Enquirer: 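Please see the structure below; I have some questions.
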Amino acid sequence: MSSELFYDKKPGFDKANKAAVMAYAEGYKAFLDEGKTERDATAAIVRRAEAAGYQPWKRGMDVRPGDKLYQINRDKGVILAHIGRTSLAEGVHLTAAHLDAPRIDIRTVPLYEQEGMAFFKTHYYGGIKKYQWTAIPLELRGVVCVCKDGKIERVPVHIGNKPEDPKFVITDLLIHLASDQMTKKATEVIKAENMNILLGSMPSENAEKDEKNKIKLAILEYLHQEYGMSEVDFLSAELTCVPAFNACDIGFDRSFVGAYGHDDRVCSYPAATALIDNADVPAHTNMCLLVDKEEIGSDGVTGMQSRAFDTFLSDLCRAQGVLPEECFEHSICLSADVCNAYDPNYAEVSEPRNDARVNCGLAIIKYTGARGKSGTSDASAELMARVRTILDGAGVVWQTGQLGRVDQGGGGTVAMYLANRNIDTVDAGVPVLSMHAPFEVIAKLDLYMAYQGFGAFYRAE
Ligand code: MN
Ligand code: MN
């Protein structure tokens, strides 16, 4: 009797097909290594969608049941749509996740030489513990728009992801001279202005004898040869340093994946692949919205607060003669973002009844926020019931989650920006260990259950 009346979070091993769990993680690891920036992740998702028959949306196209459409937003995000049997007036089943992750961005005027070494100045992106980003191998990714004679050439940059490539690093202070540093608060151990990327030390052979900045010159010569760029082209570049290690299995039993950027590719990937893998024409139109800029507040044209999503969905509605407001009003959304996994090594910041646990499945989070639920859309009891019913009906292993102890910190997701559009929204995501560290950890079972859960949500009537 008690087993029927109690609610307990339980690991889902008895309900999961282990071979399917392990196999699905292989595809995910490949995606992680391809998609370490929002631009690369967008391209990786589009490749998979196109292979399944998705076509780029053009304004004025017909929108019929079974159509598979996508729209890229400035190369930094993408919306996938699988048109359903019912009219868009009945709403869409939407998942929304983000493709950006914390990283080290290169500044606009970055290159300098000092004491026999050349460096890039940086500005960190997103919430990081700065000390975690020193003394680890970094790779350089991004794009440079080279401007010459009134023409613009967009040149992609990838250095450090191939085995033969050089890598980059932010140096740390040796422990032998760190007696002052070690007494500082963690927020002050590494200063942002000292997070400079080591680039090289060999002087140019073409420099005049008493010319200054010979090392800087040698680096500019290399960049000019490889990318056709000059120093001024940094002004029209987006370059970033991300960890240079690839995704790998963790543990004797390989039950975890360790990688850079699980937040939020561990939700983006299952949200997108569950849509792409669903061959049947769904009852409601299914959409997967993958955005940028979540880690810095969701502002800007590629963030969740941009009108890009509204414009696309309104375009689809107009093609069916439907009032967009009616579509929004009847839509439901799973805001697919990660949450903290309960970590017994840091039990003091957790609350064991409510925090999500590894291997207990997809975590549904009614509210996020901080300081008394500030900054959350707080899903309704009715929506929680609807999502519960969908997940239980499909045999998905799932649990509830929250962001740690109340008043310990907190945070938000894109959920509120969707809910503010009059779309019923609740957070659903994979629990992560070491979230926002350069190397985060997730459980393969939770990843697979996210895939199963999003699939059930798309298929629901
Ligand atoms: Mn996130
Ligand atoms: Mn995050």
Side-chain angles (χ1 to χ4, degrees), residues 28 31-32 35-38 41-42 45 76-78 94-105 124-130 132-133 240 242-243 247 257-272 288-300 302-306 309 333-341 343 349 355-356 358 362-370 375-377 379 401-404 408-419 425-443 446-447 450 453-454:
Y28 173 55
F31 168 71
L32 283 171
K36 288 186 181 175
T37 66
E38 64 278 0
T42 296
I45 292 291
K76 296 181 184 187
V78 60
L94 170 71
T95 57
H98 65 92
L99 295 175
D100 61 318
R103 60 181 192 232
I104 309 295
D105 281 350
Y124 62 96
Y125 174 98
I128 61 167
K129 292 177 174 176
K130 292 191 266 293
Q132 291 181 330
W133 293 75
T240 188
V242 293
V257 176
Y260 163 66
H262 283 312
D263 176 8
D264 184 28
R265 288 147 203 161
V266 75
C267 297
S268 305
Y269 183 76
C288 174
L289 168 59
L290 302 176
V291 295
D292 173 33
K293 297 282 181 279
E294 193 278 341
E295 296 296 357
I296 56 169
S298 296
D299 289 298
T302 54
M304 191 58 245
Q305 299 198 66
S306 157
F309 166 69
C333 174
L334 294 183
S335 166
D337 205 348
V338 299
C339 62
N340 59 308
D343 187 337
V349 300
D355 283 15
V358 294
L362 177 65
I364 306 297
I365 301 167
K366 188 175 182 297
Y367 49 83
T368 57
T376 179
S377 47
Q402 68 169 13
L403 216 57
Q408 185 65 48
T413 64
V414 298
M416 60 179 170
Y417 304 117
L418 288 144
T425 304
V426 63
D427 276 299
V430 173
V432 176
L433 294 164
S434 310
M435 196 201 294
H436 280 212
F439 191 74
E440 305 172 313
V441 175
I442 60 99
D446 299 329
L447 165 71
F454 297 141

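In each ligand, atom 1 is the first atom listed, and ligand 1 is the first ligand listed. Since we're looking at a predicted model, the values are computed, not measured. The first residue of the sequence shown is numbered 1, and numbering continues consecutively from there.
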Enquirer: Take the Mn ion (ligand 1) as the centre and count protein N, O or S atoms at distances under 2.8 Å.
Expert: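 Number of qualifying protein atoms: 4.
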Enquirer: Is any side-chain heavy atom of Phe439 less than 4.5 Å from a side-chain heavy atom of Gln132?
Expert: no
Enquirer: Checking side-chain polar atoms at under 3.5 Å, does Tyr28 have a donor or acceptor matched by the opposite partner on His262?
Expert: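 A pair is found: one side chain offers a donor N or O, the other an acceptor, under 3.5 Å apart.
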Enquirer: Are side-chain heavy atoms of Glu38 and Thr302 found at a separation under 4.5 Å?
Expert: no
Enquirer: Quick one: does Trp133's side chain get under 4.5 Å of Pro438's, heavy atoms only?
Expert: yes
Enquirer: Mind checking whether Asp263 and Glu295 have side chains closer than 4.5 Å, heavy atoms only?
Expert: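 A side-chain contact exists here, since the closest heavy-atom pair is under 4.5 Å.
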Enquirer: Answer whether the closest heavy-atom distance between the side chains of Lys76 and Leu99 falls below 4.5 Å.
Expert: no
